[in-house]
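To find a chain, count down the sequence lines: A is the first, B the second, and so on, and within it residues start at 1. Side chains included, hydrogens not; waters and symmetry mates left out as well; all remaining heavy atoms used.
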Amino acid sequence: MKRRVAITGMGVISSLGNSSAELHSALCKGDTGLHKIEGEAFHGFQCRQGGHLLSFQPETFLQGKPLRSLDRTGRMVAAAATLALANSGWSRETLSQRDVGLVLGTMFGSVHTISEFDRRALVEGPAYASPLDFANTVINAAAGQAAIWHNLRGINSTIACGAASGLAALSYAADLIRYGRQTAVLAGGADEFCFESFCGFERAGLLCAAAEDGEFAIPFDARRNGFALAEAAALLVLEEWEAAQARGARILGEIVGHGSAYNPMRRRQNGGSNAIARAIRAATKDAEISPGEIDCVSASANGSAVIDKEEAVALNAVFNGKGSQIPVTSIKSMLGETLGASGAVQAIDLIESLSNGVLPGCLGLDKTEADMPDLDLCRGPRKLQAGCGLGLANSVGFDGHACALLIART
Amino acid sequence: MSRQATVVVTGLGMLTPIGTGREQFWSALVEGRSGIGPVKSFDTSNYSVHLGAEIEGFRPQDYVSELAPESIGRSSQLAIAAARLALSDASLDLNKIDLERAGVCVGTTSGEPHFIERFDDHYVQGNLANVGQEFITRYPCHVVAGHVAGELGFGGETMMIATACAAGNYAIARACDLLSAGKAEAMLAGGADSFSRITYTGFARLGAIAPEVCQPFDRKRKGMVPGEGAAMLLLETKEQAIARGARIYCEIGGYGLSCDAHHMTAAHPEGQGAVRAMRMALEQSGMTPEDVDYISAHGTGTPTNDRLETIAVKRTFGSQAYKIPISSVKSMLGHTMGAASAIEAAVCALTIERGEIPPTMNWHEQDPECDLDYVPNVARRHKVRVAMNNAYAFGGTNSSLVLRECMA
């Protein structure tokens with residue numbers, strides 16, 4: 001028997017707000033969370049744009065215990081968990097009575113903590129490496145820290161599928177509920193902005209060539225040449241439908257299906273759109289719907305030259321030539337690429353979009369290249385038609401991962 | 001609660017400090033050979049400990065053919081080698097399955113640590129200009145599962161599960177759920193980690209590395225020994241395995257996963273999370289404590305782990321705990337991190353197939369707090385119908401997997 005998966009809470013730490021409502025309103029206004037990255041370490045880089053969350057103050061969300069043992073990623077995840085649990089109506093008391101799980105998607109865990117730990121041992125000697133930092137060098141550190149902070153004793157897992165990690169984590173968590181392994185799971189993703197990953201992406205030529213204020217990565221646009229690196233943490237509370245109803249929880253939406261695929265030809269620059277389309281079709285099959293029933297799409301596109309187009313080709317193929325009738329947006333035009341968090345942030349904004357009837361636009365999008373397939377790309381906020389109730393959140397990784405999640409309004 | 005389809009193990013592949021491939025590995029294991037020695041992959045002269053468990057003489061070009069072996073990291077190379085061995089062990093003809101429904105699930109602690117270590121070398125030498133594109137294209141851990149899929153042409157769900165030292169069990173559990181839900185027709189699941197300076201430094205700094213010998217559950221045990229390895233299990237539904245006439249090692253009865261929510265590096269003092277994981281695994285597989293014939297322990301060899309693990313087993317199994325043989329193969333292999341519980345799952349499958357239990361080596365003196373049957377020093381003939389594989393990790397993460405004889 002397959003159980004239904006209710007979404008009962010959302011928590012987000014992002015450069016465009018720390019609640020789903022704030023985030024959605026900023027996205028609909030066309031605000032940008034990207035800014036010029038300052039600091040000597042970044043001099044000489046072709047890209048100087050990013051979404052570094054300078055205003056994040058963990059003490060606002062995490063009170064009553066010392067924060068010292070949590071690194072930045074751990075703090076962002078624990079803070080997003082505070083918000084999601086509160087939004088869902090879980091208290092310290094109710095959490096002590098039930099084993100709630102946590103499934104976190106991440107690309108790096110904290111590559112900054114890992115690198116800093118290693119560098120200190122190199123410079124000062126291994127005897128001076130910090131044991132406290134060592135605990136945070138494992139990729140599942142943030143999930144462990146958030147579990148300790150909030151007393152989450154259920155299944156605790158960390159999923160790494162690159163930039164598709166957030167949706168992969170939501171898919172995994174949804175299955176845990178559907179097949180009766182857990183009745184409540186916090187799921188989503190996180191990645192921090194740090195010098196180490198920025199430097200790596202810059203050297204791999206994946207970041208946008210945007211050196212000045214006002215220049216940024218524009219998904220799907222003919223001028224795109226890379227993405228802007230950003231950070232966020234986003235968690236949703238998923239619950240078994242009847243258990244959610246029994247505790248009187250407010251149900252914000254439902255995960256009705258998901259699909260994943262991998263493109264084994266990635267290294268040979270081939271077949272990307274095929275894997276993306278397979279993931280979306282698998283999601284529609286899982287949800288027992290036809291692709292034509294999808295009302296709107298939150299795309300993965302982040303400004304990457306190749307992958308954005310592969311995604312567009314895949315969407316067009318899945319919609320069987322009717323792509324021009326289904327509104328598609330990319331919120332990464334404003335938030336940047338938040339890696340492991342991205343899919344979960346998209347899911348959160350999609351729920352807001354479905355319940356408010358407005359889909360944010362793709363900021364800055366002007367013309368697409370001539371051979372880009374015909375899609376209804378939103379250039380500004382779009383009022384959804386009455387009755388729109390089914391959204392697709394789509395994620396595509398840099399290395400062949402594709403994941404699709406279908407969310408229904410309740 | 002029951003899953004729709006039974007999942008079985010039909011192929012095993014492993015690369016370990018004591019041997020590569022099923023037969024070499026198994027004979028080393030039952031003979032009690034050690035894969036532990038002085039660390040060779042980096043200079044430990046400024047460390048207070050020097051033991052490690054590394055794989056010697058590994059030739060990636062013997063296994064990696066579709067991808068360029070030098071274009072991927074060592075964890076990926078080891079994982080691909082384990083995957084190739086598992087496929088050949090399973091006699092699975094890749095032309096006869098739908099590759100778009102074949103997936104890969106790999107557990108890890110560190111992914112490809114050598115690339116961040118190289119980045120750090122450049123950083124401290126003031127040579128960041130030498131960081132090339134390979135850092136970001138080869139380092140993030142998701143590439144390991146991707147490389148396995150890329151090498152084999154698998155297009156199904158492919159993911160890394162990064163739950164540190166319990167990751168192998170987590171990966172097998174996820175693969176089982178995908179198969180039983182009908183979302184895949186073949187899954188390679190396991191774990192991989194390569195010998196890491198960062199991991200070594202951390203465990204050395206925690207004072208957790210054994211200075212001379214790894215002796216889990218012994219009264220004088222002084223620590224664990226970091227290692228490297230990879231193991232992959234080929235999993236498919238029982239129905240499919242029977243239809244294609246495959247040799248079946250065992251079935252996956254169920255799994256239990258939990259979190260202590262107590263401390264990042266120390267287990268709960270009463271083993272609460274570990275007990276919940278074992279109970280969940282028993283419940284899911286419809287088994288009672290009396291049904292379990294063998295427990296493959298996490299058994300790292302640190303004073304605390306082995307004591308708390310013993311407490312947790314006793315709390316779960318009651319007086320039955322004293323009747324179940326328990327062994328730690330880490331006494332021979334060292335702790336192969338994310339690969340460990342995948343290798344140990346393969347050990348469980350082989351104990352079921354062969355009716356023999358590998359020993360806990362270097363056990364000489366009983367610890368009053370570790371008073372169970374640890375199968376000291378000599379392998380033992382023992383019929384195993386049901387085996388439990390336990391693994392624990394940083395972050396307070398616990399995992400128990402039940403593997404059992406597959407009835408026709």
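- Checking side-chain atoms of Arg276(B) against main-chain N and O of Arg153(A) turns up a donor-acceptor pair under 3.5 Å.
- Between chain B and the residues Thr106(A), Ile114(A), Val123(A), the most heavy-atom pairs under 4.5 angstrom are made by Ile114(A).
- Remark: of the listed residues Glu196(A), Arg203(A), Glu202(A), Arg203(A) is the sole one forming a side chain to side chain contact (heavy atoms under 4.5 Å, CB included) with Val131(B).
- For Glu100(B), the parts lying near chain A are the backbone and the side chain together; criterion is any non-hydrogen pair under 4.5 Å.
- A distance of 8.0 Å separates OG of Ser69(A) from CE of Met264(B), quoted to the nearest 0.5 Å.
- Annotation: the span from Ile159(A) atom CD1 to Met160(B) atom CE amounts to 11.0 Å, rounded to 0.5 Å.
- Nearest heavy atom pair, residue Ile198(B) against residue Phe134(A), reads O-CE1, 3.9 Å.
- For a residue to count as touching a neighbouring chain, one of its non-hydrogen atoms must lie under 4.5 Å from one of that chain's; by this rule Tyr139(B) touches chain A with the side chain only.
- Contacts between Leu99(B) and chain A at a heavy-atom distance below 4.5 Å are absent for every atom of the residue.
- Using a 4.5 Å cut-off on side-chain heavy atoms (C-beta onward), Asn46(B) and Pro126(A) make contact.
- Ile161(B) places a side-chain heavy atom less than 4.5 Å from the side chain of Ser157(A).
- Atom CD of Glu157(B) is separated from atom OG of Ser171(A) by 6.5 Å, given to the nearest 0.5 angstrom.
- Separation of atoms OG (Ser180(B)) and CG (Asp175(A)) is listed at 9.0 Å; rounding is to 0.5 Å.
- For Phe154(B), the part lying near chain A is the backbone, with the side chain staying farther off; criterion is any non-hydrogen pair under 4.5 Å.
- Here Ala164(A) pairs with Cys161(A), Ser395(A), His401(A), Cys403(A) under the side chain to side chain contact (heavy atoms under 4.5 Å, CB included) rule; sequence neighbours left out.
- Looking at Ala208(B), neither its backbone nor its side chain comes within 4.5 Å of chain A, counting heavy atoms on both sides.
- Of all heavy-atom pairs spanning Ala149(B) and Pro264(A), the tightest one is O-CB, 3.6 Å.
- Rounding to the nearest 0.5 Å gives a distance of 5.0 Å between OH of Tyr255(B) and CD1 of Ile155(A).
- With a threshold of 4.5 angstrom between heavy atoms, Gln272(B) does not approach chain A through any atom at all.
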* Verdict with supporting geometry, Asn140(A) and Thr163(B), side-chain hydrogen bond (donor to acceptor under 3.5 Å, both in side chains) -> CA-CA 5 Å; Asn140(A) 63 326; Thr163(B) 45; 5.8 Å; no
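- Considering CD1 of Ile136(B) and CG of Leu206(A), their distance stands at 8.0 Å, rounded to 0.5 Å.
- Judged purely by atom type and a 3.5 angstrom limit, Tyr262(A) uses its side chain to pair as donor or acceptor with the backbone of Gly146(B).
- Contacts between Leu206(B) and chain A at a heavy-atom distance below 4.5 Å involve the side chain alone, from C-beta outward.
- Both the backbone and the side chain of Ala164(B) come within contact range of chain A, judged by heavy atoms closer than 4.5 Å.
- Neither the backbone nor the side chain of Asn398(B) comes within contact range of chain A, judged by heavy atoms closer than 4.5 Å.
- In this structure a side-chain-to-backbone donor-acceptor pair under 3.5 Å is missing from Tyr123(B) to Glu116(A).
- Thr201(B) touches chain A through backbone and side chain together, each having a heavy atom under 4.5 Å away.
- Scanning all heavy atoms of the two residues, the minimum distance from Asn156(A) to Tyr170(B) falls at O-OH, 3.1 Å.
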